[in-house]
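Along the sequence shown, residues are numbered consecutively beginning with 1. Just so it is clear, the values below take in all heavy atoms, side chains as well, and ignore hydrogens, waters and symmetry mates. For ligands, and for the atoms within them, numbers begin at 1 and follow the listed sequence. Bear in mind that the values here come from a model prediction, so they are computed numbers and not experimental data.
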Amino acid sequence: MLAAQITAPEKVELVEVKRPAPGPGEVLIEVAAAGICGTDLHIYHGEYEADYPIIAGHEFSGTVAAVGDGVTGYRPGDRVTADPNIPCNRCPACQRNEPNQCHELAAIGVTRDGAFAKYVLAPEGNVFHIGSLSFGAAAMVEPLACVVWGLKRVNVQPGDSALIFGAGPMGCLMLQAVRCAGAATVVITDLIPWRLEIAAGLGATAALLADDDMDRRLRELAPQGFDIVADATGRPEVREQAFEDVRPRGKVWVFGVCPPDSTACFNPYQVFRKDLSIIGSFAVCRTFQESIALIQSGAVRVEPLISHRLPLEQFAEALDVAEHAPDRMKVQITLR
Ligand SMILES: [Zn+2]
Ligand SMILES: [Zn+2]
């Protein structure tokens with residue numbers, strides 16, 4: 001089968017590899033769509049703990065092509081997506097029911113071959129039916145599941161006000177999910193005007209250009225500060241700004257991936273004096289079912305976030321688009 005293999009950092013090759021066969025309890029999925037995300041770019045640049053050579057791709061959808069012994073929930077032809085995270089189910093974190101903190105967390109597209117290929121394998125327990133969702137939308141379930149996990153951690157309250165930094169695909173998913181969870185107002189900021197237009201179309205109460213006037217306008221919108229301030233940019237300096245905009249008793253949601261060795265400053269006296277909470281959320285923690293429901297119901301719209309669709313044969317170009325194209329949102333590889 002055709003696959004885009006990252007053979008070493010900065011090296012990607014289109015290769016013919018043997019089509020994998022499903023072992024006991026495994027499902028072989030013929031890939032229809034696979035999104036490129038920051039993690040894939042980190043793997044490509046050698047900035048992530050991946051095992052080379054690796055076929056990346058962990059946000060995907062497709063149809064079941066074959067099933068291994070003992071698989072009962074799926075049949076060839078079923079339309080599906082899959083949770084890429086495979087916890088060990090026996091380490092102390094797994095035993096505490098915290099599988100996203102598993103000490104030996106494996107992941108499709110990170111530690112084992114992923115979806116930038118004609119076929120991908122997944123354990124049956126990781127596979128989900130998608131009903132009539134489009135394959136493009138179903139390949140957005142994984143990023144939304146990361147957001148949903150964060151929502152559970154942050155515990156949005158009815159009527160909350162939220163401020164989100166960054167109106168990329170993740171920020172736009174956060175914006176919609178936070179509203180579904182009960183926030184009354186959601187303000188979003190970005191450096192790029194057209195991204196703000198998309199965010200406004202998806203229900204942002206206000207979409208502000210991150211310019212010199214932004215601080216003044218934020219204070220106008222929320223004189224006491226916001227209940228929740230979330231960062232979807234992954235820039236440490238933005239993280240620091242969050243502490244200026246959060247109200248006393250408010251929550252700072254650390255979501256965007258900062259470089260692992262970066263640091264951000266905060267004033268511990270402020271955190272103490274204002275009863276602040278700093279909340280991180282990592283990846284997905286059994287939140288696929290909820291994300292599928294949110295997309296199926298129309299509560300969260302994902303199609304407007306897909307900006308580019310390229311075939312697997314143009315994988316190298318797709319990586320470049322995902323990293324550099326000025327008009328990029330979510331870039332997907334489509335295989336049919
Ligand atoms: Zn991802
Ligand atoms: Zn574990």
In this structure, the Zn ion (ligand 2) sits at the vertex of an angle between SG of C94 and SG of C91 that rounds to 10° as 110°
ang(SG C102, the Zn ion (ligand 2), SG C88) rounded to 10° is 100°
When you measure from the centre of the six-membered ring of F135, is the NZ or CZ of R336 closer than 6.0 Å and no more than 45° off the axis?
yes
Is the distance between the Zn ion (ligand 2) and the nearest N/O/S atom of H103 smaller than 2.8 Å? no
| task | Check whether any N, O or S atom of D40 sits under 2.8 Å from the Zn ion (ligand 1). | result | no
| How about C146: does one of its N, O or S atoms come closer than 2.8 Å to the Zn ion (ligand 1)? | no
Checking distances from the Zn ion (ligand 1), one finds that the N, O or S atom of E59 closest to it is OE2
The single option from R247, K251, Q157, R249 that satisfies side-chain hydrogen bond (donor to acceptor under 3.5 Å, both in side chains) with D227 is R247
Distance-only polar pair, side chains of [X] and [Y], donor-acceptor under 3.5 Å:
{"X": "Q314", "Y": "E317", "value": "yes"}
{"X": "D215", "Y": "Q241", "value": "yes"}
{"X": "E142", "Y": "T81", "value": "no"}

